[in-house]
Amino acid sequence: MDSFIIAALAVCSLTAPAYGDKGTSKARSCSDIRQFYSGKGFTLDGVPQSEISGEHLRICPQGYTCCTSDMEDTLAMLSRREMEGLLKDAGRSLQTSLNGQYKAFDGYFLELLNRSAISLQENFHQTFGLLYYQNAQIFSELYTDLRNYYRGSNVNLEEVLNEFWARLLEKLFYQENKQYFISEDYLECVSKQIETLRPFGETPRVMKTMVTRTFVATRSFVQGLAVGGEVVRKVSQVQLSQECMRAMMTMTYCPHCRGMASARPCASYCSNVMKGCLANQADLNTEWRHLAETMMQVAGRFDGPSGVDNVVLSIPTRISEAMFTMMDNIEPINNKLFQACGNLREGGTSSTGADDIVKKGKVTVEDRLGTSTNQMEKLVSDVTMRLREMQPYWVSLPSVLCSDRVATGTGAEDKCWNGMSRARYFPEVMGDGLASQINNPEVEIDITKPDMTIRQQIMQLKIMTHRLKNALNGQDVDFQDTSDDVSGSGSGVCADDVCARSPRLIIPVTHRPVDYLPENKKVKASANQNLPGIPIYLLSLLMLLLRR
């Protein structure tokens, strides 16, 4: 069974404390229930000293009892609070696991991006000298746009890359033709020739493909972790129904009222109670599994020769190669540009671009912080294991919640609490999900009225899974960006008592651009940074999926 569920439940159980069964006398003392009731923090005013007739009971069997109507109501509410507490504890455990994976990937990716930016600055300053110094802004803005894209800003990645190459063409053309007077209109004409002229060779096309695929996959993946945690948080806070409360009371505290405090529920009886109480939650199973499976497929593409590390760290090298390609072919490029945009008149400076550039060889990236591949392999291995573990979470909850409370051992089937007395439980165990509870003998459920909060979370899972499948094919969907929600920070997977707010699947993002080079040259990753979001118009996409 899932380790994170077991850990959460180990410290909290609804199992009734053992108080030895009473005899069959109708004058039995109620000292045990009085002690138990007082131990829960309730007043003993009105609690019977000995058994009374139980015609007043509305939930427990109406035999001789030690419980009044008020006690029955109080214990029923207690059973629901304890059950809801167990669900939140289990949810927090799973959220913690997802949060750990999110922080690991988010921090590592930002570190890679920062190392790439540092490498470009250091190497370009040495290789291109004044040319880089005078035009450093276009490189810093490229990395700022990449960071903002990853963070979910409304950035079109292909347009960002196209704009970068167009501006770089203008800068290099101006640098290589300083002897001419070049107007802004002429430079604009130059930039428009980039597609037909291809001054940088194939590098822009190759780099666009690799960078787009990598960034789409990475930000979709961390968003998937955030959405998973947010679904768990919201579903774990869903209040149990009145019918579930009655069933939990009957199973948990009615034995106390009957003087059978040590009686533990029959295994099948507990299963039916839990499957009925958690029927809506079990309906998450299909889409939850689809999300986990798709995320594992995306994570499987993060390492290897075309993985995240190589793509991000190779950005400086690819840009450098493209710049050298243009400068090595400046004469034929100039001739074609003069034909397309017109001849230039002299009137600039006397020096040429070549005089200002010290070419010391191509830029290469050194991985100064260790072998990235090994770290990425570990991250992929760990997240795959966690995602596989969490797949049966929603349908395994009933068995996990029953595992530490049901009667076990020799003769357990004949001496367990079946909801009425100590005896065998005969009804069959229901299946998982709302539709399977139509004949549940323990929990009355209207299967035509599903819980809307949980249905909304199923919708969120469908949308996120579709997005991840697009990411596998390098396809992207624009994220929503707004500055209205300045307080909406968080990883989306924090526990409800740790952070007041968590991002939604459709997240207003306000992210202050990261400085091009932090002072300590290290990324300070935090789970409290804003996450990528998904625009509202994807809801229409869901409708198409539901019609399949």
Side-chain angles (χ1 to χ4, degrees), residues 12-19 21-22 28 30 32-33 36-37 40 42 47-48 51-87 239-281 397-399 401-408 412-430 437-446:
C12 181
S13 172
L14 294 182
T15 303
Y19 293 106
D21 291 357
K22 305 300 179 183
R28 288 180 297 185
C30 292
D32 285 346
I33 185 64
F36 166 75
Y37 199 68
K40 290 293 184 179
F42 304 122
V47 177
E51 287 185 331
I52 59 177
S53 177
E55 289 87 352
H56 58 279
L57 298 178
R58 297 185 297 274
I59 299 177
C60 295
Q62 294 182 334
Y64 281 91
T65 182
C66 286
C67 291
T68 65
S69 296
D70 289 342
M71 291 175 65
E72 187 182 46
D73 291 341
T74 299
L75 291 174
M77 291 297 296
L78 175 63
S79 67
R80 178 159 77 174
R81 287 199 305 270
E82 290 179 333
M83 176 65 173
E84 289 174 346
L86 280 180
L87 293 175
Q239 288 190 341
L240 299 176
S241 66
Q242 289 292 113
E243 292 75 15
C244 175
M245 180 180 70
R246 294 174 62 87
M248 289 299 301
M249 170 64 188
T250 302
M251 183 176 72
T252 307
Y253 292 125
C254 283
H256 290 258
C257 294
R258 294 297 302 274
M260 304 178 186
S262 66
R264 297 168 70 86
C266 302
S268 296
Y269 170 50
C270 184
S271 293
N272 275 341
V273 170
M274 293 301 180
K275 284 177 180 287
C277 285
L278 303 175
N280 281 281
Q281 287 85 338
L397 273 176
S399 60
L401 292 169
C402 285
S403 63
D404 62 346
R405 79 180 66 204
V406 300
T408 57
E413 293 182 354
D414 296 319
K415 298 179 181 180
C416 55
W417 174 254
N418 66 5
M420 295 295 294
S421 63
R422 278 181 177 270
R424 181 180 290 269
Y425 183 78
F426 291 101
E428 64 176 335
V429 176
M430 300 292 101
Q437 308 309 310
I438 189 170
N439 294 317
N440 192 315
E442 310 306 331
V443 187
E444 291 186 17
I445 300 177
D446 185 350

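Values in this document were obtained by computation on a predicted structure and should not be read as measured data.
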Can you give me the closest heavy-atom contact between [X] and [Y], atom names plus distance?
{"X": "Val443", "Y": "Ala247", "value": "CG2-CB, 3.6 Å"}
{"X": "Met251", "Y": "Met274", "value": "CE-CE, 3.9 Å"}
{"X": "Thr65", "Y": "Cys257", "value": "OG1-O, 3.2 Å"}
{"X": "His56", "Y": "Cys67", "value": "NE2-O, 2.8 Å"}
{"X": "Val429", "Y": "Ser271", "value": "CG1-CB, 3.9 Å"}
{"X": "Pro48", "Y": "Ile52", "value": "CG-CD1, 4.0 Å"}

Between atom [atom1] of [X] and atom [atom2] of [Y], what is the distance when rounded to the nearest 0.5 Å?
{"X": "Lys275", "Y": "Cys270", "atom1": "NZ", "atom2": "SG", "result": "11.0 Å"}
{"X": "Met77", "Y": "Met249", "atom1": "CE", "atom2": "CE", "result": "12.0 Å"}
{"X": "Asn280", "Y": "Ile445", "atom1": "CG", "atom2": "CD1", "result": "7.5 Å"}
{"X": "Lys40", "Y": "Thr74", "atom1": "NZ", "atom2": "OG1", "result": "13.0 Å"}
{"X": "Phe36", "Y": "Cys66", "atom1": "CZ", "atom2": "SG", "result": "12.5 Å"}
{"X": "Glu413", "Y": "Cys416", "atom1": "CD", "atom2": "SG", "result": "7.5 Å"}

Residue pair [X] / [Y], side-chain heavy-atom distance below 4.5 Å:
{"X": "Ile59", "Y": "Leu75", "result": "no"}
{"X": "His256", "Y": "Ile33", "result": "yes"}
{"X": "Tyr253", "Y": "Leu78", "result": "yes"}
{"X": "Met248", "Y": "Met245", "result": "no"}
{"X": "Ser421", "Y": "Asn418", "result": "yes"}
{"X": "Met71", "Y": "Thr68", "result": "yes"}
{"X": "Arg424", "Y": "Cys266", "result": "no"}
{"X": "Pro441", "Y": "Tyr425", "result": "yes"}

[X] (side chain) donor-acceptor with [Y] (main chain) under 3.5 angstrom:
{"X": "Arg80", "Y": "Leu240", "value": "yes"}
{"X": "Gln62", "Y": "Leu57", "value": "yes"}
{"X": "Asn272", "Y": "Glu428", "value": "yes"}
{"X": "Trp417", "Y": "Thr250", "value": "yes"}
{"X": "Glu442", "Y": "Tyr269", "value": "no"}
{"X": "Ser79", "Y": "Ala76", "value": "yes"}
{"X": "Arg258", "Y": "Cys254", "value": "no"}
{"X": "Glu72", "Y": "Cys60", "value": "yes"}

Between Arg422 and Ser262, a side-chain donor and acceptor under 3.5 Å: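 Yes, side-chain donor-acceptor contact under 3.5 Å.
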Take Glu444 and Gln242 through the test side-chain contact (heavy atoms from CB on, under 4.5 Å) and record every step on the way to the result. CA-CA 9 Å; Glu444 291 186 17; Gln242 289 292 113; over 6 Å; no
Could you give me the CA-CA distance, side-chain angles and deciding distance for Met260 and Asp32, then say whether side-chain contact (heavy atoms from CB on, under 4.5 Å) is met? CA-CA 10 Å; Met260 304 178 186; Asp32 285 346; over 6 Å; no
